[in-house]
Every structure is written in C-alpha cells, then in structure tokens.
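Single-structure report; data block below.
Ligands are counted one by one from 1 in listed order, and the atoms in each one are counted from 1 as well. Model, not experiment: these values are computed from the prediction.
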Amino acid sequence: MSQQAAIKPFIEVLAGRRQAVPPLWMMRQAGRYLPEYRELRAKAGSFLDLCFNPDHAAEVTLQPIRRFNFDAAIIFSDILVIPHALGRAVRFEVGEGPRLDPLATPAQIDTLARQADFSKLEPVYEALRRVRRELAPEIALIGFCGAPWTVATYMVAGQGTPDQAPARMLAYRHPDAFQTIIDVLVENSIQYLLGQLKAGADALQIFDTWAGVLPPREFVRWSIEPAKRIVAGVRKQVPDAKIIGFPRGAGGMLPAYVDATGVNAVSIDWAAEPSMIRERVQNRVAVQGNLDPLALIAGGAALDRAVDDVLENFAKGRLIFNLGHGIQPETPIAHVEQMVKRVRAYRG
Ligand code: CP3
C-alpha cells in the first residue's frame with residue numbers, strides 16, 4: 001500500500017471519524033521508563049545532544065512503537081528547543097529539570113530576539129524525515145510545540161516552579177512586556193510547526209501543561225488567544241492541518257478553548273468531568289486521554305478499572321486513548337502492555 005493510501009486510525013479520529021477500537025499512544029512515550037532509552041541517553045551526552053542528533057532522536061522516537069505498536073509516534077524533542085533557537089541558554093540538569101537564564105523584567109524582555117535561528121532546529125526536521133521513512137504507513141507521526149504560556153513560564157522563571165508564580169506575577173505587573181514574549185513565541189511556533197509538517201509530521205500537538213494555573217480572564221488571554229493564533233497561522237499555509245490542544249487543568253474552560261481555537265481534538269487530564277466533556281467538548285471535537293498515570297504505575301485490578309472507566313466514559317464518541325499527562329519513569333513496562341491489551345480488546 002502506498003503511504004498516501006494507507007488509512008491511519010489516529011488521523012481518522014482527528015478528521016471526525018470515530019474508530020471502533022480507539023487509537024492509542026502515550027504522552028512522553030519515549031523516555032526513562034524504557035531501558036533502551038536509558039541506554040542511549042547515557043551514551044548521547046546531554047539531553048539536548050540527544051534531541052539534536054537525528055539518528056538518536058529518530059531511534060528513541062521509534063523505540064515505543066517497536067515495543068507496543070502504538071497508533072502514533074511523537075517526535076523526540078522538547079518544548080524548550082524554541083527558547084534555545086531564540087538564543088536563550090537552556091540546559092537540563094539531571095534529576096532537576098530544565099534551567100534557563102531568567103527573563104524576569106521588561107528591560108530583559110526588550111533584549112529577546114524576535115526571530116528564532118531555525119537552522120538550530122534542522123536536526124529535528126531531519127529526525128522527522130527519518131522516522132517517517134521507517135514508520136509503517138498506518139502509524140501517524142506527531143510533531144509538537146509548547147504553548148506560548150507554558151514555554152513563557154519556564155523562560156520567565158528560568159526553571160519549573162510548583163504554580164508558575166513568576167510568570168503569573170509578571171503578566172499582572174507588566175502585561176505589555178509579557179505580551180511581547182507571547183507574540184514572539186506565537187510567531188516562531190507557527191514557523192516551527194509548519195517546518196515539522198513539511199518534514200513529515202501528520203498531526204501536531206500544542207502542549208499547554210500550565211494552563212490550569214490561570215484564572216478565567218488570564219486563561220483567555222494567555223492560553224486561548226495564542227493557541228487560536230497558532231492554529232490560524234498554521235492553517236493559513238496548510239488548511240487541513242490536524243491539531244490537538246492540551247490545555248492541562250483547563251476544567252470548565254475547555255468548551256471555550258475548543259470553540260475559540262478551532263483545534264481538531266483536546267487532550268484532557270484525568271480530573272475532567274465525563275458528562276461535561278461528552279456534552280460540551282466531545283460533541284464538537286475528538287477527545288484524547290485521560291488515564292491517570294498513577295493507575296498505570298499501580299497496575300493490577302486498579303489499572304483495569306481505570307482503563308475501563310476511560311473507555312466507558314468516552315469510547316462511544318471520538319476517542320484517542322492516552323494518559324491524562326506524561327508517563328512517569330517508574331512505570332513498569334508490563335503495566336503498559338496490560339493497558340494496551342485491554343484497550344485493543346475493546347469492541348464498542
Ligand atoms: O512525548 C514524548 O515522548 C516526546 C518527547 C517530549 C519530551 N518532552 C521529552 C523529554 C515531549 C512531548 C516533551 C514535552 C514537554 N517538555 C513538556 C510538555 C508536556 C509535559 O509533560 O508536561 C514540558 C513542560 C517540557 C519541559 C521539560 N522537559 C521538563 C519540565 C523536563 C524535566 C522533567 C522530566 O520529566 O525530566 C524535561 C526533560 C525531558 N523532556 C525528558 C524527556 C524524555 C527527560 C530528560 C532525560 O531523559 O534526561
């Protein structure tokens with residue numbers, strides 16, 4: 001079968017066609033819970049060296065596909081490659097997470113480059129081309145970026161914080177300066193996502209991991225509006241681009257996010273209330289999620305019950321089975337196998 005003719009169940013759902021067996025993948029599916037990842041990670045040097053080596057990044061992207069035959073591969077990279085390409089210093093401390101030079105005052109924000117150096121991201125495009133060549137035609141390849149709000153939280157604070165107070169405070173005190181960061185991220189994210197589509201991505205996901213710390217008014221300005229501009233900017237060049245939004249923790253703001261942004265699907269976390277999602281979200285777009293990653297660590301009967309809950313709640317409509325957030329490093333591989341088997345046995 002030619003690449004064009006092959007049906008990708010993951011893309012079918014995004015195009016509005018429910019599948020009897022929901023397609024399945026996991027956020028952070030390439031990562032430390034896999035021994036083959038840890039082995040390559042140890043050889044690669046720094047985390048960014050791993051991201052920017054096309055051979056290694058392609059290999060790590062394919063590792064979970066070989067093991068679990070997921071319906072989608074997500075390119076191995078990170079949301080912080082955009083600040084890196086904007087010339088900010090970005091490094092990943094082992095066991096501590098990302099560290100950046102903080103961008104904490106309007107004067108510092110004035111010095112921010114407006115245009116990323118996309119030659120720095122060429123290895124990501126090359127990894128996408130390699131993965132697309134090796135991937136079976138029925139498996140989708142996902143490109144991604146961080147949402148401007150979430151990327152900005154790390155740029156402002158210079159690291160992750162429990163509730164992203166530094167970025168929230170800057171946005172209250174200096175909204176115009178903060179808007180500048182968001183505008184720069186919107187424009188460069190559009191270019192980056194278009195580059196990923198050109199290199200072979202079949203769909204795109206926008207990760208807004210920290211959307212849930214925003215009150216409604218701020219959520220509209222800093223999460224919905226930028227996502228809407230990114231979707232419009234990508235579709236201006238590629239009108240049928242398939243895009244998933246993940247405004248984690250959005251709760252009751254999800255219907256507004258869906259209506260305003262025009263995404264094809266939203267990824268929902270495990271706290272989302274099922275009837276609200278069915279009646280006000282899944283009636284409009286596909287839903288992706290939402291197994292609690294801790295149920296996947298727990299395994300056994302608790303995992304079976306949690307998988308069945310997701311299926312009962314959402315599989316009658318358009319569903320892409322996933323976790324409510326990324327898989328955690330301590331997750332046993334046997335539990336992932338148990339989950340995959342149970343989802344694939346579903347006939348609805
Ligand atoms: O999903 C995938 O398998 C693709 C790769 C991917 C990574 N990060 C690899 C990674 C994706 C899609 C991301 C997105 C990302 N990165 C987000 C949004 C999604 C989410 O999980 O909330 C965020 C907030 C980041 C920023 C980031 N990168 C943090 C906070 C950390 C440290 C925490 C951690 O999990 O270690 C990273 C590092 C990172 N990104 C790792 C991986 C596999 C671990 C680093 C290592 O292996 O040494």
Side-chain angles (χ1 to χ4, degrees), residues 24-53 56-65 67-68 70 72-84 88 90-100 124 127-128 131 140-162 164 167 185 189 192-193 196 201 203-213 223 244-250 267-270 288-289 293 322-331 336:
L24 152 87
W25 68 286
M26 299 190 304
M27 287 190 270
R28 293 288 190 95
Q29 65 191 15
R32 287 165 295 184
Y33 73 107
L34 290 176
E36 59 269 36
Y37 172 85
R38 293 195 298 267
E39 197 185 307
L40 194 62
R41 173 81 179 77
K43 278 193 234 155
S46 77
F47 175 70
L48 281 181
D49 288 338
L50 179 58
C51 292
F52 291 140
N53 177 318
H56 288 166
E59 168 60 22
V60 165
T61 301
L62 291 164
Q63 284 172 348
I65 307 302
R67 247 188 210 272
F68 308 114
F70 288 129
I74 182 164
I75 191 65
F76 188 80
S77 182
D78 197 81
I79 65 168
L80 299 178
V81 298
I82 287 288
H84 169 80
R88 309 299 304 168
V90 179
R91 51 197 198 284
F92 288 82
E93 305 285 349
V94 179
E96 282 181 42
R99 291 288 182 276
L100 297 82
V124 181
L128 279 158
V131 172
L141 177 55
I142 305 169
F144 70 90
C145 71
W149 163 251
T150 286
V151 175
T153 64
Y154 290 96
M155 291 174 77
V156 169
Q159 61 182 75
T161 66
Q164 307 302 42
L185 292 172
S189 298
Y192 183 44
L193 292 177
Q196 293 183 65
L204 303 167
Q205 178 154 327
I206 302 171
F207 285 91
D208 209 351
T209 303
W210 291 101
V213 301
S223 180
I244 304 168
F246 178 38
R248 185 172 72 107
S267 211
I268 57 173
D269 58 77
W270 58 88
Q288 175 174 278
N322 204 311
L323 312 184
H325 195 195
I327 183 170
Q328 301 204 3
E330 60 269 43
T331 310
V336 180

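Counting only heavy atoms from C-beta outward, the side chains of Trp270 and Pro293 approach each other to under 4.5 Å. Residues Gln63 and Arg67 have side chains not in contact (no heavy-atom distance under 4.5 Å, counting atoms from C-beta outward). In this structure, Phe68 and Gln29 have side chains that are not in contact, with every pair of non-hydrogen atoms separated by 4.5 Å or more. Between Val336 and Phe70, some side-chain heavy-atom pair lies under the 4.5 Å cut-off.
The closest heavy-atom contact to atom 35 (O) of ligand 1, among the options Gln63, Arg32, Met27, comes from Arg32. Proximity annotation for atom 3 (O) of ligand 1: of Ala30, Ala57, Gly146, Ala30 comes nearest, heavy atoms only.
Tyr37 has its ring centre less than 6.0 Å from the ring centre of Phe76.
With values rounded to the nearest 0.5 angstrom, His84 atom NE2 is found 11.5 Å from Asp78 atom CG. Residue His56 holds its NE2 atom at 12.5 Å from SG of Cys51, rounded to the nearest 0.5 Å. To the nearest 0.5 Å, atom CZ of residue Arg248 and atom NE2 of residue His325 are 4.5 Å apart.
Between Tyr154 and ligand 1 there is a heavy-atom distance shorter than 4.0 Å. Under a 4.0 Å heavy-atom criterion, Ile75 is in contact with ligand 1. Heavy-atom distances between Pro98 and ligand 1 reach below 4.0 Å in at least one pair.
Here the closest non-hydrogen pair linking Ala250 and Asp269 is N-OD2, 4.3 Å.
Here the heavy atom of the protein found nearest to atom 47 (O) of ligand 1 is Tyr37 OH, 2.5 Å. Atom 6 (C) of ligand 1 has as its closest protein heavy atom Ser77 O, 3.4 Å. Of the protein's non-hydrogen atoms, the one nearest atom 41 (C) of ligand 1 is Phe47 CE1, 3.7 Å. With hydrogens left out, the protein atom closest to atom 11 (C) of ligand 1 is Phe144 CZ, 3.7 Å, a heavy atom. Distance from atom 1 (O) of ligand 1 to its nearest protein heavy atom, with residue and atom name: Arg28 N, 2.7 Å. Looking only at protein heavy atoms, the nearest one to atom 48 (O) of ligand 1 is Arg41 NE, 2.7 Å. For atom 14 (C) of ligand 1, the closest non-hydrogen atom of the protein is Ile79 CG2, 3.7 Å. Closest protein heavy atom to atom 28 (N) of ligand 1: Asp78 OD1, 2.8 Å.
Of all the atoms in ligand 1, the ones that sit under 4.0 Å from a non-hydrogen atom of Gln29 are 1 (O), 2 (C), 3 (O). Close contacts between ligand 1 and Ile74 involve ligand atoms 1 (O), 2 (C), 3 (O), 4 (C), 12 (C) [criterion: under 4.0 Å to a heavy atom]. For ligand 1, the atoms sitting less than 4.0 Å from at least one non-hydrogen atom of Gly97 are 32 (C), numbered in the order shown with element in parentheses.
Counting only distance, with no hydrogens or angles, the side chain of Asn322 and the backbone of Met27 share a donor-acceptor pair below 3.5 Å.
For a threshold of 3.5 Å applied to N or O pairs, the pair formed by Thr209 and ligand 1 contains at least one separation below that value. Residue His325 has at least one nitrogen or oxygen atom sitting less than 3.5 Å from a nitrogen or oxygen atom of ligand 1, judged on distance alone.
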Step by step, work out the side-chain hydrogen bond (donor to acceptor under 3.5 Å, both in side chains) result for Gln205 and Gln288. CA-CA 11 Å; Gln205 178 154 327; Gln288 175 174 278; 3.0 Å; yes

List the steps and the verdict of side-chain contact (heavy atoms from CB on, under 4.5 Å) for Val213 and Thr153. CA-CA 11 Å; Val213 301; Thr153 64; 6.0 Å; no

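For atom 33 (C) of ligand 1, the protein comes within 4.0 Å by no heavy atom at all.
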